*Asks:* 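The structure under discussion is supplied below as structure tokens; questions concerning it will follow.
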Amino acid sequence: MKKTVAILFFVIVKCQVLFSQKDNLVVFFTDAITNSVPVYADDTTIVSYTSVKEDTEKENWHDVEILEQSNNRYKVCITAINEENIAPITGWVDKEQCGVWFWGRWTKPENCIVSLYHMPGLLCSFIKITGKYPDCFDNYSTTNNKAFPVLDYKLYKGEYWIKTVIVKDEKKIVGWTKDYCPNVYGSCN
């Protein structure tokens, strides 16, 4: 009996891990505080059918769940975080509107590191990006609010890796990382 319970427990845990890997990547809008983000009916339309803007006074932010992608846009489900009475919006947004914060590893009390890889996987070549607290990576961002755009994403060995761009020494560097936080508050564990 104990053996059956142990096997059943192992199967349940394995199934939970497999199903959790199917979850979609969640990001936030990089520029919705200062500008509205246009939402399109499909991946090629040039006229938006609605737009989304963050409300900083009421702290009404949006989770942006990526459902699928094309060359220039993501199909997303946009959910207002603090307003339950607003129905989620599904549509297409330009990829550069979707972003994350870098979530580096601390090397000293005042320094942190993020690694940008040539492709997903810790065995690939990479570049270390370092920053000093409290504005660790602000100088490397290409967006108005200092977030990093999600140019592409890939599920690799159970973890989402994102492709992003930084500017270092006036040169754009594109790479893949799993050192990011998709929470608009930057409060990932």
Side-chain angles (χ1 to χ4, degrees), residues 23-39 43 51-54 56 59 61-79 81 92-108 110-122 124-189:
D23 291 341
N24 296 312
L25 178 65
V26 175
V27 296
F28 58 84
F29 288 130
T30 59
D31 202 24
I33 294 171
T34 54
N35 299 309
S36 294
V37 174
V39 180
D43 63 333
S51 63
V52 175
K53 187 164 171 75
E54 307 292 11
T56 56
E59 290 200 9
W61 306 104
H62 296 86
D63 274 338
V64 183
E65 181 181 10
I66 299 175
L67 306 174
E68 62 183 273
Q69 65 178 314
S70 69
N71 288 337
N72 298 314
R73 291 188 181 154
Y74 291 124
K75 183 176 185 180
V76 296
C77 179
I78 305 163
T79 306
I81 294 173
W92 291 82
V93 297
D94 294 328
K95 284 185 175 183
E96 64 268 7
Q97 293 293 340
C98 295
V100 294
W101 303 114
F102 276 170
W103 194 252
R105 294 172 308 282
W106 293 101
T107 58
K108 294 180 182 176
E110 70 279 357
N111 290 335
C112 47
I113 282 181
V114 165
S115 298
L116 284 181
Y117 292 81
H118 176 66
M119 56 192 309
L122 298 175
C124 300
S125 60
F126 65 94
I127 297 169
K128 286 185 182 178
I129 309 300
T130 60
K132 292 199 177 291
Y133 184 82
D135 304 321
C136 292
F137 305 107
D138 288 0
N139 295 334
Y140 302 127
S141 177
T142 61
T143 65
N144 289 338
N145 72 345
K146 305 302 182 189
F148 293 88
V150 178
L151 305 175
D152 198 357
Y153 67 98
K154 190 172 287 197
L155 186 62
Y156 179 79
K157 294 190 176 184
E159 293 183 283
Y160 276 111
W161 286 68
I162 60 131
K163 183 178 185 181
T164 191
V165 61
I166 67 156
V167 176
K168 184 177 179 185
D169 301 326
E170 299 180 18
K171 185 172 115 177
K172 284 189 176 184
I173 301 170
V174 177
W176 292 85
T177 188
K178 63 179 189 147
D179 300 332
Y180 66 88
C181 176
N183 182 313
V184 72
Y185 295 107
S187 58
C188 295
N189 293 328

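Values below: all heavy atoms of this structure, side chains included; hydrogens, waters and symmetry mates excluded. Given the structure is predicted, the values throughout are model-derived calculations rather than measurements.
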*Asks:* Are any non-hydrogen side-chain atoms of Val174 and Lys163 less than 4.5 angstrom apart?
*Replies:* yes
*Asks:* As an exercise, state the distance from CG of Asp63 to OG1 of Thr79, rounded to the nearest 0.5 Å.
*Replies:* 6.5 Å
*Asks:* Might you point out which heavy atoms bring Asn35 and Lys53 nearest each other, and give the distance in Å?
*Replies:* N-NZ, 3.8 Å
*Asks:* If you compare all heavy atoms of Pro38 against all heavy atoms of Val93, which two are closest, and at what distance to 0.1 Å?
*Replies:* O-CG1, 3.6 Å
*Asks:* Suppose we screen for ring-ring contact (aromatic ring centres under 6.0 Å, His included). Which residues come up paired with Phe102, at least two apart in sequence or across chains?
*Replies:* Phe137, Phe148
*Asks:* Which heavy atom of Val27 sits nearest a heavy atom of Cys98, and at what distance?
*Replies:* CG2-CB, 3.6 Å
*Asks:* Output the distance between atom OH (Tyr153) and atom OH (Tyr160), rounded to the nearest 0.5 Å.
*Replies:* 6.0 Å
*Asks:* Checking Phe126 now: which residues fulfil ring-ring contact (aromatic ring centres under 6.0 Å, His included) with it, not counting sequence neighbours?
*Replies:* Tyr117
*Asks:* To the nearest 0.5 Å, how far apart are CG in Leu122 and CD in Glu159?
*Replies:* 7.5 Å
*Asks:* With rounding to the nearest 0.5 Å, note down the distance linking OG1 in Thr30 to CD in Glu96.
*Replies:* 8.0 Å
*Asks:* Quick check: does any side chain N or O of Asp179 sit under 3.5 Å from a backbone N or O of Ser115, one acting as donor and the other as acceptor?
*Replies:* yes
*Asks:* If you take all heavy atoms of His118 and Trp176, which pair is closest and at what distance?
*Replies:* O-CD1, 3.5 Å
*Asks:* Parallel under 30°, tilted from 30 to 60°, perpendicular over 60°: which one fits the rings of Phe29 and His62?
*Replies:* tilted
*Asks:* Quick check: closest heavy atoms across Leu151 and Thr164, and the distance to 0.1 Å?
*Replies:* CD1-C, 3.9 Å
*Asks:* Are Val114 and Tyr180 close enough that some pair of their side-chain heavy atoms sits under 4.5 Å apart?
*Replies:* no
*Asks:* Can you tell me how far CG of Asp152 sits from CD of Gln69, rounded to the nearest 0.5 angstrom?
*Replies:* 4.5 Å
*Asks:* Is any side-chain heavy atom of Leu25 closer than 4.5 Å to a side-chain heavy atom of Ile162?
*Replies:* yes
*Asks:* Rounded to the nearest 0.5 Å, what separation is found between the NZ atom of Lys178 and the CH2 atom of Trp161?
*Replies:* 6.0 Å
*Asks:* Under a 3.5 Å distance rule, please check whether Lys95 uses its side chain to pair with a backbone N or O of Ser70 as donor and acceptor.
*Replies:* yes
